[in-house]
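The structure under discussion is supplied below as structure tokens; questions concerning it will follow.
Just so it is clear, the values below take in all heavy atoms, side chains as well, and ignore hydrogens, waters and symmetry mates.
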Amino acid sequence: MEKIAEFRILDLFCGAGGFSFGMHQNSHFKTLVALDFNEEAANTFQKNMPEAEVVTGDITDTDVKSLIIEKSKAVGINMIIGGPPCQGFSMKGKKLGLEDKRNYLFKEYLKLVEELEPEVFVIENVKSLLSTAGGYFREQILEYIHRLRYNVNYGILNAKDFGVPQSRERAIFICSKSKDIALPIGNDEGVTIRDAISDLAYLNSAQGSFESDYQMKADSEYQKKMRANSNKLYNHQATAHSKVALEKLAMIPPEKGKEYLPDELKGNQKFNTTWGRLVWNGVSPTIDTRFDAPSNGTNSHPKLNRSITPRAAASIQSFSDDFIFYGGKRSVGRQIGNAVPPLLAKGIADKIWEMYEDGKNDI
């Protein structure tokens, strides 16, 4: 095969761009075309990675699909990445498998692989995809990949093993035409919540603004790395909590949880993790789209009486401070919570490049 000097990426279901932003931290990867259905997420992607052409539209729309194929061929796309939604991957949906209409987006991703024939493609998804229905869907996906004549390695990666201060497990498939690319192993950096957000330990409920000056010095290597390309702080805005929520938070000591609330205030949530504070010397549980609500889980500040801000959540996801999120409050929450942690994406990119740079393991 001809030596690859650069991977030119098509990012499908790109969201705000965590997957691409992380890949870009390896200089041999560049996203040139991206697609998402959500306008605000696509706008965030475009403003942070202006070299990419971002298309907003439905992947099942014939015109949109034709446009993506046309643009991808024009710029020589040789890699596809993305995390197709998979609502139908359940015991109930087993009967139809990839034919289940709820899984059509997964199939559309693979159809574009078939059409564009990239050298490499990477699928990212929920970890339960590998085990649901006794591995039925996993086997269907592998069968499709093998039918396209790609080599594939897959498994579960945890973001915390790649310098991300968050335990976030995801199923990853790395597929290549000419190489046998193992999943990356990660490292032992052990970045904590303190490392990530101790410099953001101010603001009370309802305080903050879209753009502000840094108020505290960076006091960890992680914070220095996050600030390296930014002179301002963005998205550090605290939720305006209700009076009742503030009273409940005031009852919870630093780094503790709802066990400190009287029974009548614990609410109807069945999970013990609701109304939990993050722990300074630990990692965050998986950041989701409603990190702004204390009742949603363990996403309140370790000591302050508020949930974490979008900037703090972005830092816990490993977005550097120069990555700015645009849109309404709910939209920004979804953009951050749904993103692939950039440092996890970088780990995948580094492993892929290691194989192509050294010409290892040619099939």
**Request:** Please determine, by modelled atom types, if Ser167 and Asn158 share a side-chain donor-acceptor pair under 3.5 angstrom.
**Result:**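 Yes.
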**Prompt:** Does the Asn125 side chain pair with the main chain of Pro84, one donor and one acceptor, at a distance under 3.5 Å?
**Reply:** yes
**Request:** Compare all side-chain heavy atoms of Ile352 with those of Phe29 and state whether any distance is below 4.5 angstrom.
**Result:**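 Heavy-atom side-chain distance check passes, below 4.5 Å.
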**Message:** Between Lys73 and Glu115, does any side-chain N to carboxylate O distance fall below 4.0 Å?
**Reply:** yes
**Asked** Is it the case that one hydrophobic cluster holds both Val332 and Leu200, taking links as side-chain heavy atoms less than 4.5 Å apart, direct or via other members?
**Response** yes
**Complete:** Which of Ile156, Val126, Val340, Leu157 passes side-chain contact (heavy atoms from CB on, under 4.5 Å) with Arg170? It is Val126
**Prompt:** Under 3.5 Å, is there a donor-acceptor pair linking the side chains of Glu108 and Thr60?
**Reply:**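 Judged by distance alone, the side chains do not pair up.
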**Request:** May I ask you to say whether Lys65 pairs ionically with Asp63, meaning some side-chain N is under 4.0 Å from a carboxylate O?
**Result:**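 Salt bridge: no.
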**Main-chain N/O of Lys232 paired with Ser230 side-chain donor or acceptor, under 3.5 Å** =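 The answer is yes, because a donor-acceptor pair under 3.5 Å joins these two groups.
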**Item:** Check: Tyr356 ring centroid to Phe7 ring centroid under 6.0 Å
**Value:**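 Yes; Phe7 has its ring centre under 6.0 Å from that of Tyr356.
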**Prompt:** Residues two or more places apart in sequence or in another chain: which of them pass side-chain hydrogen bond (donor to acceptor under 3.5 Å, both in side chains) with Asn231?
**Reply:**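 Partners of Asn231 under the side-chain hydrogen bond (donor to acceptor under 3.5 Å, both in side chains) test: none.
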**Prompt:** Where the side chain of Ser318 meets the backbone of Val164, is there a donor-acceptor pair that is under 3.5 Å apart?
**Reply:** no
**Main-chain N/O of Leu233 paired with Arg311 side-chain donor or acceptor, under 3.5 Å** =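 The answer is no, because no donor-acceptor pair under 3.5 Å joins these two groups.
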**Prompt:** Where do Glu6 and Asn78 come nearest, in terms of heavy atoms and distance?
**Reply:** O-ND2, 3.1 Å
**Message:** Whether Glu114 and Arg147 form a salt bridge (side-chain N of Lys/Arg under 4.0 Å from carboxylate O of Asp/Glu) is what I want to check.
**Reply:** no
**Message:** Name the residue from Tyr214, Phe210, Phe325, Tyr202 that meets the ring-ring contact (aromatic ring centres under 6.0 Å, His included) definition with His236.
**Reply:** Tyr202
**Asked** Hey, is the main chain of Asp292 close enough, under 3.5 Å, to the side chain of Ser307 for a donor-acceptor pair?
**Response** yes
**Message:** Would a single hydrophobic cluster contain both Met226 and Ile324, if residues Ile, Leu, Val, Met, Phe, Trp and Tyr are joined by side-chain heavy-atom contacts under 4.5 Å?
**Reply:** no
**Asked** Taking the side chain from Arg168 and the backbone from Pro341, do they hold a donor-acceptor pair closer than 3.5 Å?
**Response**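 Between the backbone of Pro341 and the side chain of Arg168 there is no qualifying donor-acceptor contact (under 3.5 Å).
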